[in-house]
Amino acid sequence: MGPYNSDIPTGSSGSSSSDSSSCGRKGSDVDGFLAGAGYKVRSSDLRQVAQRLERLETFMINGPTDISQQLASETIHYNPSDLASWVDSLLSEVNHNQPLPVSSSDLSEFSSDFHCMEDLLPSPPFQQYSDLTDTWIDQTNPQPQQQQLTAAVAAAAAEEDSGIRLVHLLMTCAGSVQRGDVASAGSLIDDMQALLIQVNRSCGIGKVADYFIDALTRRLFSPPAVCADSILENEILYHHFYEACPYLKFAHFTANQAILEAFDGHDCVHVIDFNLMHGLQWPALIQALALRPGGPPFLRLTGIGPPSPDGRDSHREIGFKLAELARSVNVRFAFRGVAASRLDDVKPWMLKVGPTEVVAVNSIMQFHRLLSSEQSLETVLAWIRSLNPKIVTVVEQEANHNQAEFLDRFTEALYYYSTMFDSLESCTVQLEKTVAEMFIQREICNILCCEGPARVERHEPLVKWRERLGAAGFGPLHLGSNAFKQASMLLTLFSAEGYCVEENQGCLTLGWHSRPLIAASAWQAVPDTAITAAAAAPAPHPLPVPQSPLVVSN
Amino acid sequence: MAGGNEVNLNEAKTVVPLNTWILISNFKLAYNLLRRPDGTFNRHLAEFLDRKVPANAIPVDGVFSFDVVIDKATSLVSRVYCPVPVDEAQPGIVELERPLSTEVVPVIIFFHGGSFAHSSANSAIYDTLCRRFVGICDAVVVSVNYRRAPENRYPCAYDDGCAALKWVSSRPWLRSGKDCKVHMYLCGDSSGGNIVHNVAMRAVESDIVLLGIILLNPLFGGEGRTESETKLDGKYFVAVQDRDWYWRAFLPEGDDRNHPACNPFGPRGRSLEGLEFPKSLVVVAGLDLVQDWQLAYVEGLKKAGQDVKLLYLEQATIGFYLLPNNNYFYTVMDEIKQFVRSNCYLLKLQNSSNK
């Protein structure tokens, strides 16, 4: 008979309808009402959580007056959805009442000079973050002239009508394509082309529609060979996408932050990058390692990527440049390139992981490419795990583009890429923007025009990746409020209003106008006995990884 | 204050269910971390801690949602929630070409709470609440992601509210009924309730027709200390000094709580007599320490001859409407449904008698 009003039902199995990103189906275990508010608390834990909240409140009232500020500014918070853990972490902060040890190195400690490889990476000056005030920067509202406003509103309304009709036609056409009704689809495409003339194709719905009509046309009338990508072109497109919008920068930045923390205290570290490209991610990590208290470790970087068609060893070139950078900041560094057309062609022995090395595996938008066969992903995850990595950083598009039904993929892609194109509008460098759009267009075409192994852009949302990685023996390493804050501040500095970082149960997402578009997460291998326990419970604290000799298997 | 707190914590526990107590205590704890004594706000931590959910164009429990940019210049976004019509051929695709239906479909413009500083339109608690409104009222809900204090003080939130109101009133696809108009209501809780009043005032001055306004535990205040503030200070999750902080963060710097935005019928307020103010439903929680100001608001409307219904819930605390685990929740939802749908019924009668 507790103190709570037991006449009032707690309603533990209410439906939590709106949280589309929750794994709420874990069972009637979790309090349904709190789940609808975004919190996962087991019904059986409710009393304990309440008691701890009370205790925490008492401490805060009776403790030193600045305890709130300490908890706010010095503590790193993790995964607020797991309310029990969050409250516990605050309680232990308050109990110990000591400031946290300064984290080993922080990307925020960067000084303003940082050497980049070459002019590929025009680095904007990183300011000292202590200079920034902790405010959310909002633009002030300019007051337009009244007449201009009315005309603009009228024009916008007309445009909106055409835009709405275009979306409707696109969906109808996609439906015809799914049914195999080529005649109807073709006629709808004609209608859409006619309508496109009436809208502004250089931005907004007109631009998006243009690309999607193109994709539909290709699917209906072009042979699949059209989807084949040239590796060199791909690299150029990728690079412009990197420059034009913050998605890849966010990915690199967040992954590097997590890797840095994982490498803390270790002298011999090895990063395995699943898609080297131009190695854009690594100068920042090298710099950060150079600056860490206690000195940098010996860093080995293994970069995986497709072999160059023209025979030159592009990996070596990149390795040289990174080595030069490392030398200039006194970081002992070794590089190896592994040429492989597909990730499942890679065998762990190729990576030559040393027995005392601490390993980080980094996958930026690579895992989804393995999904044309479930076996491929499982194989790769298994050998990653066999390397016993300290951390696996995973960044993936936050979208469900791998559905079997064409219409479902089409709908999802339309919403997703509309949002992405919208965000690109804020890019001011025309060339970067145009080429970045080509990069995006390739993804769209692959999703909509290709099938089978040729369809590599099989994006899946965070919810699914959590399941897959959990099943493969990985547990989450939560990204905390410090990483969140740094990512947010970076965005404020370099990107337009409208981008937003969100915390999602230990992972961070970057989106545009509250639609997450890319999700970053970190993982570690869990000991075998803990796998079944981890699968059954809500996300636990990160489990300790035993430092046993590495077993490198084929 | 320290000594009395043991008792205070126990009191709140006896009037709310366990999970509600946890939810609101959690907010209280988090909010304490975010407010700084110097008046600044830890926005990064606030955004990190806030539980958000994305829009979902796929209907869940008969409701789907999508986000729209209403004003690019201020990045003003709103989340639109729509019911799925029974005969919808392609679920999830809004038939934006034509009006909603020949039946009247009310459009509720919603302003979330958070004392002007916390939460967003995509906060989980408000996404859930708006979805409930759609189901209960058979309405479209437009939840406005207004600019927040302290970074954006008065009148930014009201400006955003007005922008949203203008936007909603000019959408052809939000029209319904045989009169082919947009049938609009305003609704808001806590600071959202305050925004509702102030936007309604502007609507009256601009000839935009509002069919009704709903204020749930609206935030009002004033310079004096009322009996309820004194009696209930710190007892049911809320302390007066916290309320003061939020007003200082929202109102123009240096101004006090008798500013008409905060105290519409106070010494600097004005009478609404003679104005065509929409009918209002005001919900007051009996354990909310600002209730005296809320009741004064209701009185002010009555004195001005306005149509106002007060729903006073004796043992309700703040946030009771967030979880459907108490009787007050259902009472209020029923009242809101009646309030909104009664107009639809009247319009239907009018239209059929006009044939």
Side-chain angles (χ1 to χ4, degrees), chain A residues 3-5 8-11 14-15 17-21 31 33-34 36-39 41 46-47 49-50 53-54 56-58 60-62 68-69 71-73 77 80-81 83 134-136 138-139 141-142 153 157 164-165 168 171 411 415 481 484-485 488 497-498 502-503 513-516, chain B residues 2 5 9-10 13-19 21-23 25-26 29 32-34 36 40 42-45 47-49 51-57 60-61 67 69 73-75 77 90 92-93 96-97 120-122 124-125 127-128 131 145 147 151-152 159 170 172-173 322-326:
Chain A
Y4 295 94
N5 189 333
I8 304 170
T10 54
S15 65
S17 52
S18 66
D19 190 357
S20 58
S21 61
D31 181 277
F33 292 129
L34 288 178
Y39 297 99
V41 184
L46 286 176
R47 280 186 195 280
V49 171
L53 271 168
E54 257 189 288
L56 187 52
E57 171 142 12
T58 315
M60 286 180 58
I61 295 167
N62 297 326
S68 284
Q69 291 315 305
L71 287 176
S73 55
H77 301 257
S81 284
L83 198 47
D134 236 335
T135 51
W136 213 238
D138 267 306
Q139 294 175 359
N141 185 8
V153 164
I164 288 164
R165 245 174 288 149
H168 195 235
M171 300 301 306
T411 312
Y415 284 117
S481 53
F484 177 92
K485 177 171 171 174
S488 294
E497 190 76 26
E502 285 181 13
E503 193 282 343
H513 283 146
S514 76
R515 160 74 209 246
Chain B
N5 270 300
L9 295 176
N10 281 330
K13 275 191 265 175
T14 60
V15 294
V16 293
L18 179 52
N19 44 16
W21 190 92
I22 288 173
L23 183 66
S25 299
N26 160 65
L29 167 64
N32 285 345
L33 299 183
L34 302 173
R36 296 205 195 92
T40 59
N42 193 334
R43 183 58 69 189
H44 289 119
L45 187 56
E47 295 305 299
F48 179 81
L49 293 176
R51 305 292 80 206
K52 298 181 201 276
V53 298
N56 193 355
V60 175
D61 292 343
D67 293 330
V69 178
T74 52
S75 276
V77 176
Q90 280 172 337
I93 294 100
L96 295 180
E97 293 183 24
S120 308
N122 61 341
I125 47 169
D127 185 271
T128 301
R131 282 170 174 274
N145 199 41
R147 280 169 293 171
E151 300 93 330
N152 299 282
D159 290 343
S170 59
W173 52 272
L322 293 176
L323 301 185
N325 59 0
N326 60 88

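Just so it is clear: chains get the letters A, B, ... in the order the sequence lines come, proteins before strands, and each one is counted from 1.
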ask   = Looking just at side-chain N and O atoms, do A:S68 and B:N32 make a donor-acceptor pair shorter than 3.5 Å?
value = no
task = List for me each residue that meets salt bridge (charged side-chain N to carboxylate O under 4.0 Å, His left out) alongside A:E503, sequence neighbours excluded, and say none if there are none.
result = B:R51
key: Distance, nearest 0.5 Å, that separates CZ of A:F484 from CG of B:L45   = 9.0 Å
query = Would A:Q69 and B:N42 count as having a side-chain donor-acceptor pair, cut-off 3.5 Å?
reply = no
ask   = Quick one: ring pair (Phe, Tyr, Trp, His ring centres under 6.0 Å) partners of A:Y39, sequence neighbours excluded?
value = none
key: Side chain / backbone / both / neither for B:N26 at chain A, heavy atoms under 4.5 Å   = both
remark   = Honestly, the part of B:L323 sitting under 4.5 Å from a heavy atom of chain A is side chain
key: Where A:G498 and B:S75 come nearest, the two heavy atoms and their spacing   = N-OG, 4.3 Å
note = Value for CG (B:L23) from CG (A:L83), rounded to nearest 0.5 Å, stands at 8.5 Å
note = Heavy-atom nearest pair, A:G36 first then B:T128, reads O-OG1, 2.7 Å
key: From CD1 (B:I22) to CG (A:L34), nearest 0.5 Å   = 6.0 Å
ask   = What's the shortest heavy-atom distance between A:A50 and B:W21, and which atoms?
value = O-CZ3, 3.5 Å
